[in-house]
2 protein chains.
Amino acid sequence: MNKPRYQRRKEDRPQEITAAAFEAFAENGYAKTRVEEVARRAGVSKGLLYLYFKTKEELFKAVIKSVVIRRVDALIDNVATTELSSEEFIRGPLLSFMKQVPGSPVAVVIRLLISEGPRHPDLVEFYYENVVARGLGAITRFVERGIERGEFRHSAISELPHLFLAPMMLSVIWRIIFTNRKLDTDKLMETQIDMLLTQLKT
Amino acid sequence: MNKPRYQRRKEDRPQEITAAAFEAFAENGYAKTRVEEVARRAGVSKGLLYLYFKTKEELFKAVIKSVVIRRVDALIDNVATTELSSEEFIRGPLLSFMKQVPGSPVAVVIRLLISEGPRHPDLVEFYYENVVARGLGAITRFVERGIERGEFRHSAISELPHLFLAPMMLSVIWRIIFTNRKLDTDKLMETQIDMLLTQLKT
DNA sequence: CTGGTTACTGACTCGCTGGTCAGTAAGTAT
DNA sequence: ATACTTACTGACCAGCGAGTCAGTAACCAG
């Protein structure tokens, strides 16, 4: 009749807490989220949370890292190993990847970085190295591969992989600010890819 | 010898306070900015600030509006009255306008909207109506004018004025997050405009 | 069963900050 | 001068939320 008030689950707690924190931060942002609220969502006491994370800020950093780490890896592996032609890859896996970003946890991370980034330089550095630099690098390498293979010609785009991502970023921001205003983000990205490929091929 | 401790300047105070608030919000964001700090920068007491603005939130809204109002108007007038050909206008005034945005107060407003927008729906609404809708509308009308004049052909771009602004948005976000990482934002926007014009003309 | 370890709880503290208001003095009318 | 209005000050308050810690009970070894 007396079920224990709690179980000791030292291994799982950190993961559960960061997951709860991610949800809370996604809904209310960092500043407006109370640590106690995170604890409640994770089904633990505030005291326990402070056993695993020294401060709210450390929790924040752990959340960002937990979301970011695995995301880009998949795409980068894909770039390295694909059998597809450059155009097929861009219209296929790359476009699909970009389309799902605005609705994914990555969008939340971007929002948090915009709000809190300026106060966490080391976190920004981490994000740049592990996500942005690697992502842009992958695109650049892919475009250059296309050129070597004779699929693409040389153009300014080789040095501006950002142009592939610009409509994706706009879509992310749009979704964050204008949640109820519709925007055909897929069409936006497709059209941009069309333009870039036209430019790269002719 | 006894200079007055303060002067009564009822007319100028609101403007001075919103200017001070803008600076403070720009540096630290909304949540981290103390009302007292705003008052200090404006050279007034906290009490006076609360005489002109009922709450911190109302002050915030006043700041956004004060920055936004006049900005877009100039561009829109320009669109309506220009004598330039469509291409000349796009490569000239429109491009110049976009290039200066990432370093302007508008970038700060965008950051604030991303952070605080979700908690201020009416402010977002205001911003959409007065800035985004009007800006996008102006670009759309301009593209259509080009088509009527036989300068441009029909294409998907007519319905996606956002593509003109996407690199600008990416530049804004980049500058906010990666303040020390360089990015040739001008080149980015120029190349996008080149691509769009190629698409519109051929 | 028993004693020891430690994951876990939750009530508490304390600094911080949004907001108030009684009082003060700058300007003004007479 | 004098009385009056009101822009302005700054000390104060209330409550909120990050971080603490003394105590509790789940689990385990012997």
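In what follows, chains are A, B, ... by sequence order, proteins preceding strands, each numbered from 1.
When each of A/Ala31 and A/Gly47 is assigned the nucleotide of DNA chain D with its nearest heavy atom, A/Ala31 is the one assigned upstream, toward the 5' end. Each of B/Leu48 and A/Arg9 lies near DNA chain C, and the nucleotide nearest A/Arg9 is the one positioned closer to the 5' end. Residues B/Gln7 and B/Glu36 both approach DNA chain C. Their nearest nucleotides, taken by heavy-atom distance, put B/Glu36 toward the 5′ side.
One can place CD of B/Glu11 at 14 Å from P of C/dG27, the figure rounded to the nearest angstrom. Between the C1' atom of D/dG19 and the CD atom of A/Glu58 lies a distance of 13 Å, rounded to the nearest Å. We find that NZ of A/Lys54 is positioned 14 Å from C1' of D/dT20, with the value rounded to whole Å. Atom OH of A/Tyr52 and atom P of C/dT6 are 13 Å apart (whole Å). Atom CG of B/Leu49 is separated from atom C1' of D/dA7 by 14 Å (rounded to the nearest Å). A straight line from CD of B/Glu16 to C1' of D/dA7 spans 13 Å, rounded to a whole angstrom. Here C/dG18 presents its P atom at 11 Å from CG of B/Leu59, a figure rounded to the nearest Å. Across the protein-nucleic acid pair, B/Glu37 atom CD and C/dC16 atom P stand 15 Å apart, rounded to whole Å.
Closest approach of B/Ser85 and B/Glu151 over heavy atoms only: CB-OE2, 3.3 Å. Between A/Arg181 and A/Trp174 the shortest heavy-atom distance is O-NE1, 3.1 Å.
Using cut-offs of 30° and 60° for the angle between ring planes, the B/Phe89 and B/Phe142 rings count as tilted. Between A/Phe60 and A/His120, the angle of the ring planes lies from 30° to 60°, which puts this pair in the tilted group.
Listed pair A/Arg13 / C/dC8 meets the phosphate criterion, a side-chain N or O lying under 4.0 Å from OP1 or OP2. Put simply, A/Tyr50 has a side-chain N or O that comes within less than 4.0 Å of OP1 or OP2 on D/dG19.
Cation-pi geometry between A/Lys32 and A/Phe25 is not met at under 6.0 angstrom from the ring centre and within 45 degrees of the axis. Cation-pi geometry between B/Lys201 and B/Phe152 is not met at under 6.0 angstrom from the ring centre and within 45 degrees of the axis.
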Write down the protein N/O and nucleotide N/O pairs, taken from nucleotides 1-6 of chain D, whose separation is under 3.5 Å; answer none if there are no such pairs.
| from | atom 1 | to | atom 2 | distance (Å) |
| --- | --- | --- | --- | --- |
| D/dT6 | O2 | B/Arg8 | NH2 | 2.2 |

Taking only N/O atoms, report every protein-nucleotides 14-17 of chain D pair under 3.5 Å with atom names and distance.
none

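Looking at A/Gln199 and A/Ser155, their side chains never bring a donor and an acceptor atom within 3.5 Å of each other.
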**Request:** Could you go through the salt bridge (Lys or Arg N to Asp or Glu O under 4.0 Å) check for A/Glu37 and A/Arg40 one step at a time?
**Result:** CA-CA 5 Å; A/Glu37 166 70 9; A/Arg40 201 185 54 70; 3.1 Å; yes
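Using a 4.0 Å cut-off between a side-chain N of Lys or Arg and a carboxylate O of Asp or Glu, A/Glu190 and A/Lys187 do not qualify as a salt bridge.
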